Amino acid sequence: MQNLLHNLNPEQLAAVTLPAQSALILAGAGSGKTRVLTTRIAWLIQTGQVSPGGVLAVTFTNKAAKEMMTRLSAMLPINTRGMWIGTFHGLCNRLLRAHHRDAALPQTFQILDSQDQLSAIKRLLKANNIDDEKYPPRNLMYFINNAKDSGLRAHQIEAFDDYNRRMVELYELYDQQCQREGVVDFAELLLRTYELLSRNQPLREHYQNRFRHILVDEFQDTNNLQYNWLKLMAGEHNAIFAVGDDDQSIYAFRGANVGNMIAFEREFKVENLIKLEQNYRSHGHILDTANALISFNQNRLGKNLHTDAGHGEPVRIYEATSDLQEAQWIIEEAKSLIAEGSMRNEIAILYRSNAQSRVIEHALFSAGIPYRVYGGQRFFERAEIKHAIAYLQLMDNPHNDSAFLRVVNFPTRGIGARSLEQLQDAAKQYGVSLYAAVPYITGKAGTSLGAFVKLIEGARFETQNLPLPEMVQVVLDASGLMTHYRNEKEGADRIENLEQLVSAATLFVSEEGFGLDAPALLGPQSQASAGPAIVTEDGIEVIDADAPLVTVMSPLSAFLAHASLEAGDNQAQAGQDALQLMTVHSAKGLEFDAVFITGLEEGLFPHENSQKEEGGVEEERRLMYVAITRARRRLYISFSQTRMLHGQTRYNMKSRFFDEMPEESLKWLSPKVQQHHWFANPKSAWDDAPAIDNRIAQSIGRKDVGWRIGEAVAHAKFGEGVIVNIEGSGGSARAHINFGRHGMKLLDLSVAKLDRIAG
DNA sequence: AGATTTGCTGTTTTT
DNA sequence: CAGCAAATCT
């Protein structure tokens, strides 16, 4: 036990050894948050304060859950299986499988990812003849998810106008559709579990008596429903150990509520709020930059990181003329870092939005530097994988209409729009799923639809006693997917992915204990499950969800849930020594020796959409704070005068965040081309910046108004700006000027008082 | 029915 | 620019 606690600083030690009562740990970036969390669990178990089965640890990402599990197994000699460590969604999935009857779900219920959810909504709108111009599917999806994240069902929402009344109505219809099809979306997993435990007292008490210690990672990211879920689990007597950092709250846009930290402090009567402010990650200049920037936020709990490491290198700032040139500069710097001996995978290139990666990827590819892009499309989101999964879904739950529609005619088998229209009418008339409506269809359409049903039934029969990977293999062949892609010229990658699906199934089976050695895990795992059987309201005996997954659901159901909950990595080339490309959001929780933060421009970072939202800019600032604190030794920040977006060139101002970082920690690198000078010499401008919009070339020398597109100007009221476009000529000319945070203005050039800004 | 082309639109982050 | 849906061609 001594060596468990050894090497902890006083604050960390205090946090780890707190008495069994609720506590809030404010853990700054790089302050050893995960270490405290895992050591706390190990300490509780080793000192006999709780059995492994009494621990519930909740995270937001599968990666974090896995990491915690790995570290714990290294610390503790015992089997970690009895512990419940997982994401909110993963844990809810487990609970709903075990108690599916009480939750009014089929045992084989399936989970919609956001893609699936959106297409389910589109289908709903079409089926009800709703104008999707007036009710955009995306908006309805936000509406529904927002409501669920607030714990509200349709009937609990008060609508004050016709539009919202209709939205509520559609929400209700959506839930009915999901229920009919035996599917649940992400938010539903949580809400359904919450409702289940609220209404079912014996069940609630069972889990409350079991989980004496609840630990929550990234507490600042909890939404209202998750917070209430935790309250329900904690009951009157259990201790919640919450770890979080309000300065790293970057998911407000999807319902995360930092206010939960304050509410938690109050409602759980937290006596000790422990702050971990010692940073073990970054050098001084980097930390100073982060601290200075975040101090511009008003709503903070207050915390300042410090380090024992020296100042280190200054933060390097670079101004590029174009996004292309920015990418080239990054590559030059990265090359010299590598030449100095840096590992490629210790260098990260971060950006605000995924679209920015394209230019950088292209430049890296041309330069022949290995790189890996995180995020973007992931394995289980690929179309061919979705197709294969849809076949498997239909075998496990034929009432999933989304899955049915996805593959009923893929590969094509002569079932067109007309046949499906008939089928949908029949399904609606008899109130059944598409699959179940097939027998009602006669004639040619009925024959081909019947053949499809036979295909599914046949595959199910044929594979019922096969191990999961072989089942997948059979389905790939029987469905015709393999043949289809083999005949397609661009199908080689897809074939490879489908083969990887079989590997994924193999891996899943071995990791989850569905393999041949599974019986060894079937014995009782914890004291809790050996306790008295509990009885629900309708007299049904309840099994403890702690039992291995095998007893709670079939390998296929489990695998399908896994595919939705853990979309998987996007590329197989993990482990390679490659530059790391990702959004700032997905960099949270990671660290690198050297970090490039790119595209620091008004409108991009902070993003323009954030200006309108309440507290939006503060969230962007926290995002920047997260980005900065990823770096250990070297930090580079860049921005560009021009950038291609949606196929056209945009002229941006540098980000306001530059004004909020301490000048003494920064080192401005002199750009190769002086700011805004390129336009003075059109010829060289073309050579240096091929990405520049044609209109500039046309306008140069044509508009005789004394100003040029791309020129930097200053205005008494709006500050600095860039001329984006000029319309009209002579005395009536007007200019569109991007004033960054003051927005885009249309000014009459003969009236507005503008000054030139020298480069 | 199915393949292909055109046309339009909407763009942040993701469990 | 790309992803999707409607329109048009085979």
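Letters A, B, ... are given to chains in the order of the sequence lines, protein chains preceding strands, and every chain is numbered from 1. Just so it is clear, the model here is predicted, and its values are computed rather than measured.
Residue-level contact check: A:Arg413 touches the backbone only, with heavy atoms under 4.0 Å from sugar-phosphate atoms and none from bases. In this structure, A:Phe88 reaches neither bases nor backbone, as no heavy-atom distance under 4.0 Å exists between it and the strands shown. Within the nucleic acid shown, A:Thr59 has no heavy atom closer than 4.0 Å to any nucleic acid atom. Residue A:Asp113 is classed as having no contact, given no heavy-atom separation below 4.0 Å to the nucleic acid. Note on A:Glu381: nothing from the nucleic acid sits closer than 4.0 angstrom, heavy atoms only. Residue-level contact check: A:Lys588 touches neither bases nor backbone, having no heavy atom under 4.0 Å from any strand.
For A:Arg358, counting side-chain heavy atoms from C-beta on, the closest listed nucleotide (C:dC1, B:dT15, B:dT14) is C:dC1. Side-chain proximity of A:Phe186 to C:dC4, B:dT15, B:dT14: nearest is B:dT15. Taking only side-chain atoms of A:Arg378, from C-beta outward, the nucleotide of C:dC4, B:dT15, C:dA2 with the closest atom is B:dT15. The A:Ser586 side chain lies nearest to B:dT14 when the options are B:dT15, B:dT14, C:dC4.
Classification of A:Asp247 and A:Arg300 as a salt-bridged pair holds, one side-chain N sitting under 4.0 Å from a carboxylate O. Taking 4.0 Å as the cut-off between side-chain N and carboxylate O, A:Arg418 and A:Glu421 do not count as a salt-bridged pair.
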I would like to know whether A:Lys386 and A:Asp116 meet salt bridge (Lys or Arg N to Asp or Glu O under 4.0 Å); could you show each step before the answer? CA-CA 10 Å; A:Lys386 281 265 179 197; A:Asp116 300 333; 3.0 Å; yes

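Between A:Lys444 and B:dA1 there is no side-chain polar atom (N or O) within less than 4.0 angstrom of OP1 or OP2. Regarding contacts with the backbone of B:dT11, every side-chain N or O of A:Asn609 stays at 4.0 angstrom or more from both OP1 and OP2. One finds no side-chain N or O of A:Ser114 lying less than 4.0 angstrom from the OP1 or OP2 phosphate oxygen of B:dT15. Within the structure, every side-chain polar atom (N or O) of A:Ser564 is placed at least 4.0 Å from both OP1 and OP2 of B:dT15. Between A:Asn62 and B:dT15 there is no side-chain polar atom (N or O) within less than 4.0 angstrom of OP1 or OP2.
As a whole-Å value, the separation of A:Asn257 CG from B:dT15 C1' is 17 Å. Atom CZ in A:Phe60 sits about 15 Å away from atom P in B:dT14, given to the nearest Å. Rounded to whole angstrom, the span from the CG atom of A:Asn354 across to the C1' atom of C:dA2 amounts to 14 Å. Remark: P of B:dT14 and CG of A:Asn146 are 18 Å apart, rounded to the nearest angstrom. We find that CG of A:Asn409 is positioned 9 Å from P of B:dA1, with the value rounded to whole Å. Between A:Met141 atom CE and B:dT14 atom P there is a gap of 13 Å when expressed in whole angstrom units. As a whole-Å value, the separation of A:Met582 CE from B:dT14 P is 11 Å. In this structure, A:Met624 places its CE atom 17 Å from P of B:dT13, rounding to the nearest Å.
Between B:dT13 and C:dC4, the two P atoms lie 15 Å apart (nearest whole Å).
Of the two residues near DNA chain B, A:Leu565 and A:Gly414, the one whose nearest nucleotide lies more 5' is A:Gly414. Each of A:Ile415 and A:Thr61 was assigned the nucleotide of DNA chain B with the nearest heavy atom; the assignment lying further toward the 5' end belongs to A:Ile415.
A:Gln424 and A:Gln422 form no side-chain donor-acceptor contact under 3.5 Å, judged by distance and modelled atom types alone.
A:Asp113 places a side-chain N or O within 3.5 Å of a backbone atom of A:Gln115 that can act as its donor or acceptor partner. Listed for the A:Arg643 side chain is no donor-acceptor partner under 3.5 Å among the backbone atoms of A:Arg650. A donor-acceptor pair under 3.5 Å links the side-chain atoms of A:Asn62 to the main chain of A:Leu565, judged by distance alone.
Donor-acceptor pairing under 3.5 Å, judged by distance alone, is absent between the side chain of A:His585 and the base of B:dT14.
B:dT13 has A:Phe253 stacked on its base ring, the centres lying under 5.5 angstrom apart and the planes within 30 degrees of parallel.
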Between the protein and nucleotides 3-10 of chain B, list every N/O to N/O distance that falls short of 3.5 Å.
none

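Relative to the six-membered ring of A:Phe379, A:Arg382 misses at least one condition, a distance below 6.0 Å or an angle of at most 45° to the axis. For the pair A:Arg97 and A:Phe109, the cation-pi criterion (under 6.0 Å, within 45° of the ring axis) is fulfilled.
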